[in-house]
A.B. asks: 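The structure is given below, and queries will be raised subsequently.
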Amino acid sequence: MKPEDFDFLAKMLKDRSGLVLTKDKSYLLESRLMPVARKRGYKGLEELVAQLRKRDEALAVDVTEAMTTNESFFFRDQKPFDQFRQIVLPNLLATRATKKSFRIWCAAASSGQEPYSLAMILKEEAAKLAGWKTEIVGTDISREILQKARAGLYSQFEVQRGLPIQMLVKYFKKRDDQWEIDPGIRAMVQYKEWNLLGDLGALGSFDVVFCRNVLIYFDQETKGVVLDNISRQMNDDGVLYLGGAETVLGISDRFKPIPSQRGVYAVSKPGYTGGTLGAG
């Protein structure tokens, strides 16, 4: 690939999605964009870039989706979901007892495994949530991956990655060579196409936000912008989940680590002196 073509693609992807590509990641461009080029009938990436330079918006969307679609699997890393079930959820039940409602946001929801994992946890705790209104919102920049999430259809390989066998038996049905998630679980999640770098105001406020394994693709400045944007959508005592290799330290003062709960952060807003989840 010509250096000027790489630079063009890197700038376009950074501007549209925040994704940062260094020269050593050029192989990712080749592997992910060649199928897009072939689908369009181009001989290679040089022709694809030439068309992008003509401001082909539909192609730009396809390219961005191809580069920002990340893998996901059910109950990924397990511990965050244990934390949610054993610590965060009981805290919500206590602090939201008056209004009996809370909202969860899965940013970069990809093909739906994370929000559906949370939905299954809430279903398992249904007795405690009787009379409560709960919402799970999953967002992603990729329209195509959200279509897969909404369909709730997964391959044998996908359900074998992290999904406990009892959950598979209880909440999935075999459909030809795929597994279909229970319609009741699927109905618990709303999916919306959204860019974390854009205006998030219309999403409303949230009590818990999962933004795991997303910041690792951004540079420091973009990480700060994303964290600040997310904080504005969170209630004062909200809880943020990041991936194991991610942190807010040195990036944003809008969040603070929760003692003894790795990867979980409390909102840190001026003037708020509320309790800290898991403290003590």
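All values derive from a computational prediction rather than experimental measurement.
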A.B. asks: How about E30: does its CD atom have over 12 heavy atoms from other parts shown lying under 6.0 Å from it?
C.D. replies: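 Yes, the 6.0 Å shell around CD holds more than 12 heavy atoms from other groups.
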A.B. asks: Report yes if some heavy atom in the side chain of T247 is under 4.5 Å from a heavy atom in the side chain of L242; otherwise report no.
C.D. replies: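 No, side chains not in contact.
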A.B. asks: Using a strict 4.0 Å threshold on nitrogen-to-oxygen distance, state whether K173 and D182 make a salt bridge.
C.D. replies: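 No, no charged N to carboxylate O under 4.0 Å.
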A.B. asks: State yes or no: do F157 and M167 share one hydrophobic cluster built from I, L, V, M, F, W and Y residues joined by side-chain heavy-atom distances below 4.5 Å, directly or via other members?
C.D. replies: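 No, F157 and M167 fall in different hydrophobic clusters.
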A.B. asks: Would you call D62 and R143 a salt bridge, taking side-chain N to carboxylate O under 4.0 Å as the test?
C.D. replies: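 Salt bridge: no.
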A.B. asks: For A130, is there any backbone N or O sitting under 3.5 Å from a side-chain donor or acceptor partner on K128?
C.D. replies: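 Here the side-chain-to-backbone pair does not exist.
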A.B. asks: Could you go through W179 and L168, starting from their C-alpha distance and side-chain angles, then the distance that decides it, and tell me whether this counts as side-chain contact (heavy atoms from CB on, under 4.5 Å)?
C.D. replies: CA-CA 9 Å; W179 290 88; L168 176 64; 3.7 Å; yes
A.B. asks: Taking L196 as the starting point, is it possible to reach V61 by hopping between hydrophobic residues whose side chains are less than 4.5 Å apart?
C.D. replies: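 No, V61 does not connect to L196 through the hydrophobic network.
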A.B. asks: Does this structure show an ion pair linking D15 with K11, if we count only N-O contacts that are shorter than 4.0 Å?
C.D. replies: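 Between K11 and D15 there is a salt bridge, with a charged N closer than 4.0 Å to a carboxylate O.
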A.B. asks: Assigning hydrophobic clusters by single linkage (Ile, Leu, Val, Met, Phe, Trp, Tyr; side-chain heavy-atom cutoff under 4.5 Å), is L29 placed with Y42?
C.D. replies: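 Cluster IDs for L29 and Y42 match.
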A.B. asks: Compare all side-chain heavy atoms of L118 with those of V189 and state whether any distance is below 4.5 angstrom.
C.D. replies: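 They are not in contact (no side-chain heavy atoms under 4.5 Å apart), so the answer is no.
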A.B. asks: Are the side chain of Y154 and the backbone N or O of S111 linked by a donor-acceptor pair below 3.5 Å?
C.D. replies: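 Confirmed, Y154 side chain pairs with S111 backbone.
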A.B. asks: Can you name the closest pair of heavy atoms from A108 and V214 and give their distance?
C.D. replies: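 Closest approach of A108 to V214, heavy atoms only: CB-CG2, 3.4 Å.
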A.B. asks: Between L240 and C211, is any pair of side-chain heavy atoms under 4.5 Å apart?
C.D. replies: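 Yes. Closest side-chain heavy atoms under 4.5 Å.
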A.B. asks: Would a distance-only check, ignoring hydrogens and angles, find a side-chain to backbone donor-acceptor pair under 3.5 Å from R150 to Y191?
C.D. replies: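 Pair found, side chain donor or acceptor close to backbone of Y191.
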A.B. asks: Has the side chain of Q156 got a donor or acceptor atom that lies under 3.5 Å from a matching backbone atom of Q178?
C.D. replies: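 No, because the side chain of Q156 does not come within donor-acceptor range (under 3.5 Å) of the backbone of Q178.
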A.B. asks: At their closest point, which heavy atom of L122 faces which heavy atom of L129, and how far apart are they?
C.D. replies: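 Answer, listing the atom of L122 first, then L129: O-CD1, 3.7 Å.
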A.B. asks: Are side-chain heavy atoms of V267 and D237 found at a separation under 4.5 Å?
C.D. replies: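 A side-chain contact is absent here, since even the closest heavy-atom pair is not under 4.5 Å.
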A.B. asks: Give a yes or no on whether a salt bridge exists between R212 and D77, defined as a side-chain N under 4.0 angstrom from a carboxylate O.
C.D. replies: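 Salt bridge between R212 and D77, a charged N being under 4.0 Å from a carboxylate O: yes.
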A.B. asks: Determine yes or no for a side-chain-to-main-chain donor-acceptor pair under 3.5 angstrom, with D140 supplying the side chain and K192 the backbone.
C.D. replies: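 Side chain of D140 to backbone of K192: no pair is present.
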A.B. asks: Looking only at the side chains, is there a donor atom on one of Q78 and D82 sitting less than 3.5 Å from an acceptor on the other?
C.D. replies: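 D82 and Q78 do have a side-chain donor-acceptor pair below 3.5 Å.
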A.B. asks: Could you walk me through whether L48 and R40 satisfy the side-chain contact (heavy atoms from CB on, under 4.5 Å) test, starting with their C-alpha distance in whole Å, then the side-chain angles of each, then the deciding distance to 0.1 Å, before giving a yes or no?
C.D. replies: CA-CA 8 Å; L48 181 144; R40 289 276 187 136; 6.0 Å; no
A.B. asks: More than 12 non-hydrogen atoms from neighbouring residues, nucleotides or ligands closer than 6.0 Å to CD on E46, yes or no?
C.D. replies: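 No, the 6.0 Å shell around CD holds no more than 12 heavy atoms from other groups.
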A.B. asks: Is there a side-chain contact (heavy atoms from CB on, under 4.5 Å) between V248 and K256 once you walk through the steps?
C.D. replies: CA-CA 7 Å; V248 302; K256 56 189 176 184; over 6 Å; no
A.B. asks: How far does CZ of F255 sit from OG of S268, to the nearest 0.5 angstrom?
C.D. replies: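 These two atoms lie 9.5 Å from each other.
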A.B. asks: Between R232 and D199, does at least one N-O distance fall below 4.0 Å, as a salt bridge requires?
C.D. replies: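 A salt bridge is absent here (no side-chain N lies under 4.0 Å from a carboxylate O).
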A.B. asks: Does R53 pair with E4 as a salt bridge, N-O distance under 4.0 Å?
C.D. replies: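 Salt bridge flag = no for E4 with R53.
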A.B. asks: Can you see which heavy atom on G198 is nearest to which on N229, and at what distance?
C.D. replies: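 G198 and N229 have their closest heavy atoms at O-ND2, 4.0 Å.
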A.B. asks: Taking C-beta and beyond as the side chain, do V209 and V239 meet within less than 4.5 Å on heavy atoms?
C.D. replies: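 In short, these two side chains do not touch, never coming nearer than 4.5 Å.
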A.B. asks: Run through W105, Y265, Y241 and flag the one making a ring-ring contact (aromatic ring centres under 6.0 Å, His included) with F210.
C.D. replies: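 Of the listed options, the one satisfying the test is Y241.
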A.B. asks: State the CG-CZ distance between L163 and F172, to the nearest 0.5 angstrom.
C.D. replies: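 L163 CG to F172 CZ: 5.0 Å, rounded to 0.5 Å.
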A.B. asks: Between E114 and R76, does any side-chain N to carboxylate O distance fall below 4.0 Å?
C.D. replies: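 Not counted as a salt bridge, because no side-chain N and carboxylate O are separated by less than 4.0 Å.
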A.B. asks: For the NZ atom on K99, are there more than 12 heavy atoms of other groups (residues, nucleotides or ligands in this structure) within a distance under 6.0 Å?
C.D. replies: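 Buried by this count: over 12 neighbours within 6.0 Å.
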A.B. asks: Determine, using the 4.5 Å side-chain heavy-atom cutoff (strictly less than), whether I141 and F218 are members of one ILVMFWY cluster.
C.D. replies: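 In one cluster with I141: F218, no.
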A.B. asks: Looking only at non-hydrogen atoms, find the nearest pair between A149 and S110 and report the distance.
C.D. replies: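 Closest approach of A149 to S110: CB-O, 3.7 Å.
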A.B. asks: Looking only at atom types and distance, does a side-chain atom of R254 sit under 3.5 Å from a main-chain N or O of S231, one as donor and one as acceptor?
C.D. replies: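 Answer holds: no.
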A.B. asks: Could you point out which residue of E124, R186, K123 forms a side chain to side chain donor-acceptor pair (under 3.5 Å) with Y171?
C.D. replies: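 When side chain to side chain donor-acceptor pair (under 3.5 Å) is applied between Y171 and each of E124, R186, K123, only E124 qualifies.
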A.B. asks: Examine F73 and I145 and state if one hydrophobic cluster contains both, with Ile, Leu, Val, Met, Phe, Trp and Tyr joined whenever side-chain heavy atoms are less than 4.5 Å apart.
C.D. replies: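 F73 does not cluster with I145.
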A.B. asks: Would you confirm whether S142, through its side chain, and E65, through its main-chain N or O, come within 3.5 Å as a donor-acceptor pair?
C.D. replies: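 No, the answer is negative, given that no donor and acceptor are paired below the 3.5 Å cut-off.
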A.B. asks: Can any side-chain N or O of E246 pair as donor or acceptor with the backbone N or O of I216 at less than 3.5 Å?
C.D. replies: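 Side chain of E246 to backbone of I216, a donor-acceptor pair under 3.5 Å: yes, one is there.
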A.B. asks: Looking only at heavy atoms, which two atoms of L153 and K148 are closest? And how far apart?
C.D. replies: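 That would be O-NZ, 3.2 Å.
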A.B. asks: With a 3.5 Å distance limit and no angle check, can you tell me whether D56 reaches the backbone of L59 through a side-chain donor-acceptor pair?
C.D. replies: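 Indeed, once roles are kept as given, a pair shorter than 3.5 Å links the two residues.
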A.B. asks: Is any side-chain N of the basic residue among K223 and D228 closer than 4.0 Å to the acidic one's carboxylate O?
C.D. replies: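 Looking at K223 and D228, the cut-off is not met.
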A.B. asks: Step by step, work out the side-chain contact (heavy atoms from CB on, under 4.5 Å) result for T139 and E193.
C.D. replies: CA-CA 6 Å; T139 65; E193 184 182 345; over 6 Å; no
A.B. asks: Between E47 and R38, does any side-chain N to carboxylate O distance fall below 4.0 Å?
C.D. replies: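 No, this pair does not count.
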A.B. asks: Would you say Q113's side chain and S72's backbone share a donor-acceptor pair under 3.5 angstrom?
C.D. replies: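 Looks like yes, one N/O pair under 3.5 Å.
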A.B. asks: Closest heavy-atom contact between L45 and A37?
C.D. replies: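 Of all heavy-atom pairs spanning L45 and A37, the closest is CD2-CB, 4.4 Å.
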A.B. asks: How long is the gap from CD1 on I181 to CZ on R175, to the nearest 0.5 Å?
C.D. replies: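 Rounded to the nearest 0.5 Å, the CD1-CZ separation comes out at 13.5 Å.
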